[in-house]
K.L.:
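Handing you this structure, nothing more for now.
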Number of protein chains: 2
Amino acid sequence: MSVDERVDLAEQLRAAGYRVTGPRRAVWEALCVADGHVTVEELSARVADIGGDADQASIYRTLAVFEELGLARQSRLHETGAASWEVAHPDEHFHLVCASCGEVDHHAGPLVTRIREHLEGDHGFEVFDIELVVTGWCARCRPGGRAG
Amino acid sequence: MSVDERVDLAEQLRAAGYRVTGPRRAVWEALCVADGHVTVEELSARVADIGGDADQASIYRTLAVFEELGLARQSRLHETGAASWEVAHPDEHFHLVCASCGEVDHHAGPLVTRIREHLEGDHGFEVFDIELVVTGWCARCRPGGRAG
DNA sequence: CTAAATGCAAACTCTTTGCAGATCC
DNA sequence: GGATCTGCAAAGAGTTTGCATTTAG
C-alpha cells in the first residue's frame, strides 16, 4: 500500500503544480505507515522515526496540500484538542470512537452513501463531505456486552 | 419555549446539586433565544444584549455544566475555530452546513436513529452520541440548482 | 456561615503566519 | 535563476486554570 501511494504522491503533486520535496515525502510516508489516525504531533514523531525531517509548521502546510489534493483527510475525533489525520480512502466510511479504550474503528458500509443519496435526491443539497463520528462503548468495553 | 426551558433550568441545576446563579440563567436565556448555533463569543454578546452579565470563562464553565446535564450540545461545525452550541433537542438530528452561504440547517429524520440501531444491533456498539455534519451547497446556493 | 461560583488575568494548546534562507525544476 | 518551499520564531485563536472575592443556600 505505501509503495503505491508513495509513487502516486510525486505524480499528484506535480500534476497540481506543487513541488516534490523531502518534507512532503516524509510526511506522506509517515501518514501511510501510521495505522489509522494521527495527530500532527504524532506525525511529527513518526517523521523523525523514519529518519525524515519536517518542521511542525511544514507538516501543517503539507497536510493542507494533501487535503486539497484529496490524498489526506482531517477529522475531529476528539471533543477538544488536536485534529486527526488519515490517508483518504476511496470508500466512504465513518468513525466509531470508544469512550473507554479510545479505539477508533473505521466503519465502512452503505450508510454514508445512503445519507448522500438521501440529501442529494430529496433536498437538492450537493454534498461535499460527510463527517460522521459516533461515540460510545465498543463491544469489548460495553458493560455486560460480548466481552472478548 | 424559552419560558418552559427557563423553569426547567433551576430544577435541573438543583436536582444535580448545582446552584442557580445569575450567569447561569443569563447564559441559558441567551442560548434559548438564539436561533440555532452560537459560539461562545456570540453567546457572550447575547448575554450582554439581554442585560445579563457573565464572564467568558464563566460561559465556558456554564456550558460544560449544561452539557453534563444534557441541556446543551456542542458541535464542531466549522473546520477550524470555535465550537458551536445549541439547546439540546430530544430528537436526533444532524447538521447541513452550506459552504457558500454558511447557513446551518437542522435536518431531523430517521437517519440518525437508523445509524444508532444499526450499530447497536449488528455491532454491539453502545452509542452515546452521534455527530453528523454534512458540508456542501444548499439548494439555493447550488449552481444550476433550484434557485429561488 | 460555608461551599460553590464568579471575574479577572495569565497560562495553555493547537494552528497559522512573516520572513530570511534553502531548494526544486 | 526564479518561484516555491522550508525552518524558525512569533503571533493568533479558542479554551482552561489559579486565585482572591462574591454569592447562593
Side-chain angles (χ1 to χ4, degrees), chain A residues 6 9-31 37-48 51-69 71-85, chain B residues 6 9-31 37-48 51-69 71-85:
Chain A
R6 210 177 305 148
L9 179 66
E11 282 172 22
Q12 300 257 11
L13 285 173
R14 287 202 191 95
Y18 289 111
R19 293 185 176 172
V20 182
T21 69
R24 286 178 181 159
R25 287 183 177 282
V27 170
W28 182 244
E29 184 166 341
L31 195 62
H37 301 85
V38 278
T39 62
V40 167
E41 197 175 347
E42 288 163 353
L43 211 41
S44 180
R46 282 161 183 276
V47 165
D53 201 33
D55 187 76
Q56 216 149 296
S58 296
I59 296 180
Y60 279 103
R61 289 186 274 227
T62 295
L63 288 170
V65 170
F66 288 177
E67 187 168 44
E68 188 197 317
L69 299 185
L71 298 172
R73 211 173 176 290
Q74 184 181 18
S75 305
R76 306 201 76 87
L77 299 179
H78 313 290
E79 279 291 293
T80 185
S84 300
W85 289 86
Chain B
R6 210 177 306 147
L9 179 67
E11 283 173 21
Q12 300 256 11
L13 285 173
R14 288 201 191 93
Y18 289 109
R19 293 182 178 175
V20 182
T21 68
R24 284 178 182 159
R25 287 184 178 282
V27 170
W28 183 244
E29 184 166 341
L31 194 63
H37 300 86
V38 278
T39 62
V40 167
E41 197 176 346
E42 288 162 354
L43 211 39
S44 181
R46 282 161 183 276
V47 164
D53 200 33
D55 186 77
Q56 215 150 297
S58 296
I59 295 180
Y60 279 104
R61 289 186 275 229
T62 295
L63 288 170
V65 170
F66 288 177
E67 186 167 45
E68 186 197 318
L69 299 183
L71 298 173
R73 209 171 176 293
Q74 186 181 17
S75 305
R76 301 198 141 280
L77 298 179
H78 314 290
E79 278 290 293
T80 185
S84 299
W85 290 87

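The chains referred to below are lettered A, B, ... by the order of the sequence lines, with proteins before strands, and numbering in each begins at 1.
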K.L.:
Report the nucleotide, chosen from D:dT15, D:dT23, D:dG7, that has the shortest atom-to-atom distance to any side-chain atom of B:Ala83.
P.N.:
D:dT15
K.L.:
Run the side chain to side chain contact (heavy atoms under 4.5 Å, CB included) test on A:Leu63 and A:Leu43 for me, step by step, so that the C-alpha distance in whole Å, both residues' side-chain angles and the decisive distance to 0.1 Å come before the verdict.
P.N.:
CA-CA 10 Å; A:Leu63 288 170; A:Leu43 211 41; 4.0 Å; yes
K.L.:
Of all the heavy-atom pairs spanning B:Val47 and B:Ala54, show the shortest one and how long it is.
P.N.:
CG1-N, 4.0 Å
K.L.:
Mapping B:Gly81 and B:Tyr18 to their closest nucleotides on DNA chain D, which lands nearer the 5' end?
P.N.:
B:Gly81
K.L.:
Please step through side chain to side chain contact (heavy atoms under 4.5 Å, CB included) for the pair B:Trp28 and B:Gln12, ending with a clear verdict.
P.N.:
CA-CA 12 Å; B:Trp28 183 244; B:Gln12 300 256 11; over 6 Å; no
K.L.:
A:Thr62 side chain: which of D:dT6, D:dA24, D:dC5 is closest?
P.N.:
D:dT6
K.L.:
Identify the two heavy atoms, one from B:Gly81 and one from B:Arg76, that lie closest to each other, and give their separation to 0.1 Å.
P.N.:
O-NH1, 3.7 Å
K.L.:
Would you say B:Phe66 and B:Leu9 make side-chain contact, with heavy atoms under 4.5 Å?
P.N.:
yes
K.L.:
Could you tell me the separation between the CZ atom of B:Arg76 and the C1' atom of D:dA13, rounded to a whole number of Å?
P.N.:
12 Å
K.L.:
Do B:Val40 and B:Gln56 touch side chain to side chain, with heavy atoms closer than 4.5 Å?
P.N.:
yes
K.L.:
For the helix from C:dC1-D:dG25 to C:dC25-D:dG1, what angle lies between the axis at the first five pairs and the axis at the last five pairs, to 10 degrees?
P.N.:
40°
K.L.:
Counting side-chain heavy atoms from C-beta on, which of D:dG7, D:dT15, D:dT23 comes nearest to B:Arg19?
P.N.:
D:dT23
K.L.:
Let's test your reading of the model: under 3.5 Å, does the base of D:dG7 pair with the side chain of A:Arg61 as donor and acceptor?
P.N.:
yes
K.L.:
Indicate yes or no for a side-chain donor-acceptor contact from A:Glu42 to the backbone of A:Thr39 under 3.5 Å, with no hydrogens or angles considered.
P.N.:
yes
K.L.:
Just the endpoints, please: which first and last nucleotides of DNA chain C, 5' to 3', lie under 4.0 Å from a heavy atom of chain A?
P.N.:
C:dC14 to C:dC25
K.L.:
When we call it a touch if two heavy atoms are under 4.0 Å apart, what does A:Ala82 touch: a base, just sugar-phosphate, or nothing?
P.N.:
sugar-phosphate
K.L.:
Roughly how many Å is it from CG in A:Asp55 to P in D:dA9, rounded to a whole number?
P.N.:
9 Å
K.L.:
Starting from P on D:dG25, measure out to CD on B:Glu11 and report it in whole angstrom.
P.N.:
14 Å
K.L.:
If every non-hydrogen atom of B:Ile59 is compared with every non-hydrogen atom of B:Ser44, which pair is closest and at what distance?
P.N.:
CD1-CA, 3.6 Å
K.L.:
Would you tell me if any nitrogen or oxygen in the side chain of B:Tyr60 comes within less than 4.0 Å of OP1 or OP2 on D:dT16?
P.N.:
no
K.L.:
Checking contacts here: which listed nucleotide (D:dT4, D:dG25, D:dT6) is nearest the side-chain heavy atoms of A:Ser58?
P.N.:
D:dT6
K.L.:
Which is it for A:Thr21 and A:Leu13 under the side chain to side chain contact (heavy atoms under 4.5 Å, CB included) test, yes or no, and what are the steps along the way?
P.N.:
CA-CA 10 Å; A:Thr21 69; A:Leu13 285 173; over 6 Å; no
